Structure formats: C-alpha cells, structure tokens
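Only a predicted model underlies this, so the values are computations on that prediction, with no experimental measurement involved. The basis for the numbers below is simple: all heavy atoms, side chains too, and nothing from hydrogens, waters or symmetry mates.
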Amino acid sequence: MKKKIDITPNIETLFGTRDENLHVLEDGLNIGIDLRSDSIELEGAARDVARAEQVFFDYDHLQRSGFTFNNGDLNSMLRVLMADPKTTLRGLAEAGRQRSLGRRTVQPKSVNQRRYLEAIEKHDMVFGIGPAGTGKTYLAVAMAISALLSKRVNRIILARPAVEAGERLGFLPGTLQDKIDPYLRPLYDALYDMLEPEKVDRYLEKNVIEIAPIAFMRGRTLNDSFVILDEAQNTTSEQMKMFVTRLGFNSKAVITGDVTQIDLPNARRSGLLEAADVLKHVDGLTFVYFDEGDVVRHHLVQRIIRAYDEFKTRVAEEQAVLLESRSGANGKPAVSDSLPQEKTATYPAQAESKE
C-alpha cells in the first residue's frame, strides 16, 4: 500500500538529525518513507502505513497547539511507540505535559519507563527494580516534584540506607550529617537538575523537601507526603518492613533498587528481595522491573551491564559442571566450600499490576 501525505509547515523538524527519526519509523514499522518536494510517500502494509500516518498527523497537531519537544524526547517517544502499538504520539506528549515541572517535562524513554510513570500515578506504593542508569530514581524524584508543585502533596521525603560499600563512615571527616551527605548526593543531584537551586535550597531549609537516612524514618507516620526510598537493595528485612509501614493518608511511596548491587555485610538477605516475595500479591501496590534496554546513560553502560550478566551466567554454569563432575567422580555430592560462590540476579520481564 502507498500513501501520500502533503508536507505541512515545520514538519521537517520531525525528521531528526540525518533523518534519524524517520529511520526509527521505517525500522519499527517495516515501511518505506520517500521524501518528495511537496509530499511524503509511505509504502508498506496498510496497518503499518496507517500508524506512520497517525504519527505525522499527531506531530502536526502538537506543533499547531504550541507543544515543543526537548532534545532527544521525540526520538525516545517514537521508540516507545514502536514497542507499544497501543500508544500514540499525541497521547505520550500530552501525558508528559501533565507531568510538567515548569522548565522540564517528565517523558519516558522506554516502554518500562512509561509503565513505571503510569504505575506511580495509579498506585500508592510502587517498587522500581532494575540495573543502574534506567531512570528509577530520577523519574521518581521528578514525579514527586510534579506532585509537590501541583499541591497534591505537601512535602517530599527522600530516604536512603547509609550502607558502606567498601568504605567506613567513621573515617569520613565532619559531623554525622557531613558523613551521611555523600550517600544522599544522587538525590540532591536529581533535585538540582529539575528545580532552580534557590528553590531547592528554600525547600530544604523549610523541610518541604527532607533528605535523610532510612534510620530517621522509625516511629514516624508520613501524611500528605511523596516518599522515596532509594538504593533499597541495601535495606535489611527489618528496615524495609519499617519503611513500608510508615505510609500515612494521602501519601505515595516509591521504592527503588538494583538487586545485583547488594552491599549488605555478613551476607544478610536484602529487604528488597524479601519484599518482592512477601508483597507481590498485595493489592494496591505494584512492581515494575527494568532491564538493560531501559538504560538511558551512555550507550556503553548497556553493553557493560550485559557483559556482567553474561559473565555471572558463565561462572554459574562452570560451577554447576564442576560440581557435577566431582559428584560423579566420588559417587557422592561434592563439598562446595572450596568453590567461590557467585551471586546471580535476574529481573523478571514484567510484573503484574495490583489494583
């Protein structure tokens, strides 16, 4: 099927640098796009051509209504569209507008990020689990700021466990707060990236935004608040139970973590792993799982995460073969104490949402 679309003013801004956005449409929909002097010709299966045509119509409508796309957002939206046939460009853009932070809009860059944002809007407690660089913390902070600016909550509380990943707090100079601040720096970075520094400082001074170690949460009931627990893989079972039971009226909680980077001492089980088992069937909360495809940092980060996952799988397989060979040779199970134990963790492809 062939379809001709008349060129409208500024439609060329849809094409992207070196027509990269058109290539996303061509590859994702398996169609051909031919640019003429006064029109755009689409060729392919009728359903795929219709979807591409809808993208052009949506883009023209958004342009006419004054919508502006930030750097890289359009390309990310098109990739989300290709992965989810039920979405539209207009729907994604208008959803991002509703999450506006003033000078920024919160726009998902993958299907799982979109599910994550929708889960936060829909549920009072959301667990975001996945590798580094997938936007778990950044998007949670953005949603918290959006809720604060729209007066849906009165304050934001950001918590993190102060677990020593190879270092000791006691050796750091300064007061207790000085020692703890480096562990909370990623949360400060996200705040300053989304709001003017003066506004962040004012909110921090008035405790409208509070950043504290998870130990400071004990005994509190958090009403009218957006609460985020970052690096939750480093909570103990007791800390996680304490945190998830702090939620008060008109509050939301988002718990984020990477189960492949557990730094708890003495091989203690992560509270995040336990929560994923204990709470998976509880109504009113949901789990969203990310994978390497959701990484929005440098493209090398995706390949690094994949390399580590492949290495862990290979080591586990080698250990299984060695154990089996020793067991067969001795006629009884081999003692595994002499073998290094490699922790492996996988992220489920998709989690069920509980209403």
Side-chain angles (χ1 to χ4, degrees), residues 1-122 134-135 138-139 142-143 145-147 149-150 193-194 293-296 299:
M1 174 185 175
K2 288 187 177 182
K3 183 74 176 183
K4 184 179 290 187
I5 302 174
D6 292 334
I7 287 182
T8 57
N10 297 322
I11 193 66
E12 67 275 2
T13 56
L14 168 64
F15 304 164
T17 305
R18 297 179 181 175
D19 296 339
E20 61 179 356
N21 294 335
L22 297 185
H23 296 324
V24 171
L25 289 175
E26 288 180 319
D27 295 341
L29 297 175
N30 195 27
I31 62 171
I33 301 178
D34 189 12
L35 302 179
R36 304 295 178 89
S37 59
D38 60 347
S39 64
I40 302 167
E41 191 171 277
L42 310 176
E43 183 175 4
R47 183 179 62 179
D48 298 328
V49 167
R51 285 197 67 205
E53 185 180 18
Q54 186 63 49
V55 169
F56 283 96
F57 288 159
D58 284 353
Y59 187 80
D60 183 55
H61 171 84
L62 291 167
Q63 287 276 87
R64 292 176 185 274
S65 64
F67 186 90
T68 56
F69 292 89
N70 292 324
N71 186 33
D73 278 352
L74 179 57
N75 188 267
S76 299
M77 287 188 214
L78 293 177
R79 293 182 185 279
V80 172
L81 285 175
M82 298 305 98
D84 187 354
K86 297 179 182 178
T87 61
T88 65
L89 180 62
R90 184 174 173 181
L92 284 175
E94 290 177 349
R97 180 182 283 165
Q98 293 169 4
R99 306 181 188 111
S100 175
L101 305 180
R103 60 177 182 173
R104 286 182 179 271
T105 56
V106 184
Q107 204 58 256
K109 299 186 183 300
S110 70
V111 172
N112 284 331
Q113 285 194 359
R114 177 169 168 261
R115 292 191 182 113
Y116 185 54
L117 293 176
E118 291 175 349
I120 294 173
E121 290 173 339
K122 190 175 181 181
T134 50
Y138 188 89
L139 291 176
M143 293 296 283
I145 293 174
S146 178
L149 296 180
S150 61
D193 190 49
M194 295 175 204
D294 301 302
V295 172
V296 291
H299 59 83

* Structure fact -> For Ser76 and Pro108, the nearest pair of non-hydrogen atoms, with its separation, is CB-O, 4.2 Å

* In Å and rounded to the nearest 0.5 Å, what is the CG to CE distance from Leu62 to Met77? -> 8.0 Å

* Would you mind reporting whether Asn112 and Tyr116 have side-chain heavy atoms less than 4.5 Å apart? => no

* For the atom pair CD (Glu41) and NZ (Lys4), what is the distance rounded to the nearest 0.5 Å? -> 6.0 Å

* To do: Using modelled atom types only, decide if a donor and an acceptor are shared between the side chain of Gln113 and the backbone of Lys109 within a distance under 3.5 Å.
  => yes

Cut-off 3.5 Å, no hydrogens considered: what does the side-chain donor-acceptor table look like for residues 21-36, sequence neighbours left out?
{"residue": "Asn21", "atom": "OD1", "partner": "Asn75", "partner atom": "ND2", "Å": "2.9"}
{"residue": "Asn21", "atom": "ND2", "partner": "Leu14", "partner atom": "O", "Å": "2.9"}
{"residue": "His23", "atom": "ND1", "partner": "Glu26", "partner atom": "OE1", "Å": "3.4"}
{"residue": "Glu26", "atom": "OE2", "partner": "Ile33", "partner atom": "N", "Å": "3.0"}
{"residue": "Asp34", "atom": "OD2", "partner": "Arg36", "partner atom": "NE", "Å": "2.8"}
{"residue": "Asp34", "atom": "OD2", "partner": "Arg36", "partner atom": "NH2", "Å": "3.1"}

Donor-acceptor pairs under 3.5 Å, side chain of residues 82-92 to any protein atom, not counting sequence neighbours: which ones?
{"residue": "Asp84", "atom": "OD1", "partner": "Lys86", "partner atom": "N", "Å": "3.2"}
{"residue": "Asp84", "atom": "OD2", "partner": "Arg114", "partner atom": "NH1", "Å": "2.7"}
{"residue": "Thr87", "atom": "OG1", "partner": "Asp84", "partner atom": "O", "Å": "2.8"}
{"residue": "Thr88", "atom": "OG1", "partner": "Gly91", "partner atom": "N", "Å": "3.0"}
{"residue": "Arg90", "atom": "NE", "partner": "His61", "partner atom": "NE2", "Å": "3.4"}
{"residue": "Arg90", "atom": "NE", "partner": "Glu94", "partner atom": "OE2", "Å": "3.2"}
{"residue": "Arg90", "atom": "NH2", "partner": "His61", "partner atom": "NE2", "Å": "3.2"}

* To do: Decide yes or no for Tyr138 and Asp193: does some side-chain heavy atom of the first lie under 4.5 Å from some side-chain heavy atom of the second?
  => yes

* Below 4.5 Å, heavy atoms only, C-beta onward: do Tyr59 and Leu74 meet side chain to side chain? -> yes

* To do: Output the distance between atom CD1 (Ile40) and atom CD (Glu53), rounded to the nearest 0.5 Å.
  => 10.5 Å

* Asked: Are Thr134 and Asp294 linked by a side-chain donor-acceptor pair shorter than 3.5 Å?
  -> no

* To do: Give the C-alpha distance, both sets of side-chain angles, the deciding distance and a yes or no for side chain to side chain contact (heavy atoms under 4.5 Å, CB included) between Arg47 and Val49.
  => CA-CA 6 Å; Arg47 183 179 62 179; Val49 167; over 6 Å; no

